[in-house]
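Whatever order the structure lists ligands and atoms in, that order sets their numbers, starting from 1. Here, residue 1 is the first one in the sequence, and each next residue gets the next number.
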Amino acid sequence: MNQKKPVYVLNGPNLNLLGQREPQTYGRTTLAELEAACRAAGEALGLDVDCRQTNHEGVMLDWIHAARTQAAGIVINPGGWTHTSVALRDALAASELPIVEVHISNIHRREAFRQHSYVSAVAIGVICGLGTRGYEYGLQALQQHFEENPS
Ligand code: CA2
């Protein structure tokens, strides 16, 4: 059963600063609070949630490679790598997992360079601009995806 594997909630560079800087853009919720909310949401949805954050792209790529066999799906906020990393997109595509891309801010209301994502084309959906709640919506979307696509 697909759902017995955890869903990875992955956060990319600088998201360890959540709640400490730029609250007008990213809110006041810390990464620890966000991860606790994801675990609680996962429990309510019947999903096991494994939360990780890194500032190192190679570490993120290794986690995604492992996810192919060890996870049921991925909710990812790729941070700045969203707009720069073909390698990240390639790793996500190679995972062959359902992926939900999340952004806390509405990247389409911001600078032009944030308005292209290398990740979106390999995601089942994208949530942006809804604050840290977006991660919980991402988990809901994955749970619905598992229901509709039993393995
Ligand atoms: O809105 C998002 O979630 C972003 O993925 C956040 C990235 C940004 O590069 C994307 O364009 C949109 C930046 C993450 C940096 O996070 C910080 C959090 C608090 C304080 C400073 C940075």
Side-chain angles (χ1 to χ4, degrees), residues 5-45 47-68 70-146:
K5 292 178 181 171
V7 169
Y8 282 5
V9 175
L10 301 178
N11 278 294
N14 300 313
L15 286 156
N16 54 306
L17 298 176
L18 272 181
Q20 301 172 41
R21 303 263 196 291
E22 302 188 44
Q24 67 287 358
T25 306
Y26 299 116
R28 297 194 176 277
T29 303
T30 65
L31 180 64
E33 290 166 344
L34 162 63
E35 293 182 341
C38 285
R39 282 189 288 272
E43 204 167 313
L45 291 163
L47 299 175
D48 185 14
V49 171
D50 183 338
C51 298
R52 302 165 185 213
Q53 186 275 333
T54 182
N55 294 320
H56 304 277
E57 189 170 355
V59 171
M60 180 66 85
L61 297 180
D62 288 345
W63 286 344
I64 294 167
H65 293 169
R68 194 173 76 78
Q70 292 171 21
I74 298 175
V75 172
I76 185 167
N77 183 344
W81 295 328
T82 306
H83 319 295
T84 63
S85 182
V86 174
L88 179 68
R89 175 205 180 111
D90 288 346
L92 289 166
S95 77
E96 298 182 316
L97 291 171
I99 290 149
V100 177
E101 177 184 354
V102 173
H103 300 285
I104 297 166
S105 65
N106 182 349
I107 57 176
H108 302 291
R109 291 182 70 166
R110 301 185 63 192
E111 301 97 323
F113 69 83
R114 295 187 200 275
Q115 291 172 25
H116 173 261
S117 166
Y118 281 103
V119 172
S120 299
V122 299
I124 61 169
V126 181
I127 297 164
C128 83
L130 301 178
T132 51
R133 278 282 165 87
Y135 293 78
E136 295 168 48
Y137 304 144
L139 288 168
Q140 282 176 30
L142 275 185
Q143 201 270 343
Q144 191 171 341
H145 177 88
F146 296 144

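Under the 30°/60° scheme for interplanar angles, the aromatic rings of His83 and His103 are found to lie parallel.
Ordered by chain and residue number, the residues placing a heavy atom less than 4.0 Å from ligand 1 are Pro13, Asn14, Leu15, Leu17, Leu18, Arg21, Glu22, Tyr26, Asn77, Gly79, Gly80, His83, His103, Ile104, Ser105, Ile107, Arg114.
In terms of modelled atom types and a separation under 3.5 Å, the side chain of Gln115 and the main chain of Arg110 share a donor-acceptor contact. Although no hydrogens or angles enter the test, the distance criterion places a donor-acceptor pair under 3.5 Å between the side chain of Asn55 and the main chain of Asn14.
Applying the salt bridge (Lys or Arg N to Asp or Glu O under 4.0 Å) test to every pair with at least one member in residues 127-143, sequence neighbours left out, gives these pairs: Arg133-Glu136.
The neighbour count for Glu33 CD, taken as heavy atoms of other residues, nucleotides or ligands under 6.0 Å away, is above 12.
Using modelled atom types and a 3.5 Å distance limit, the side chains of Glu101 and Thr82 yield no donor-acceptor pair.
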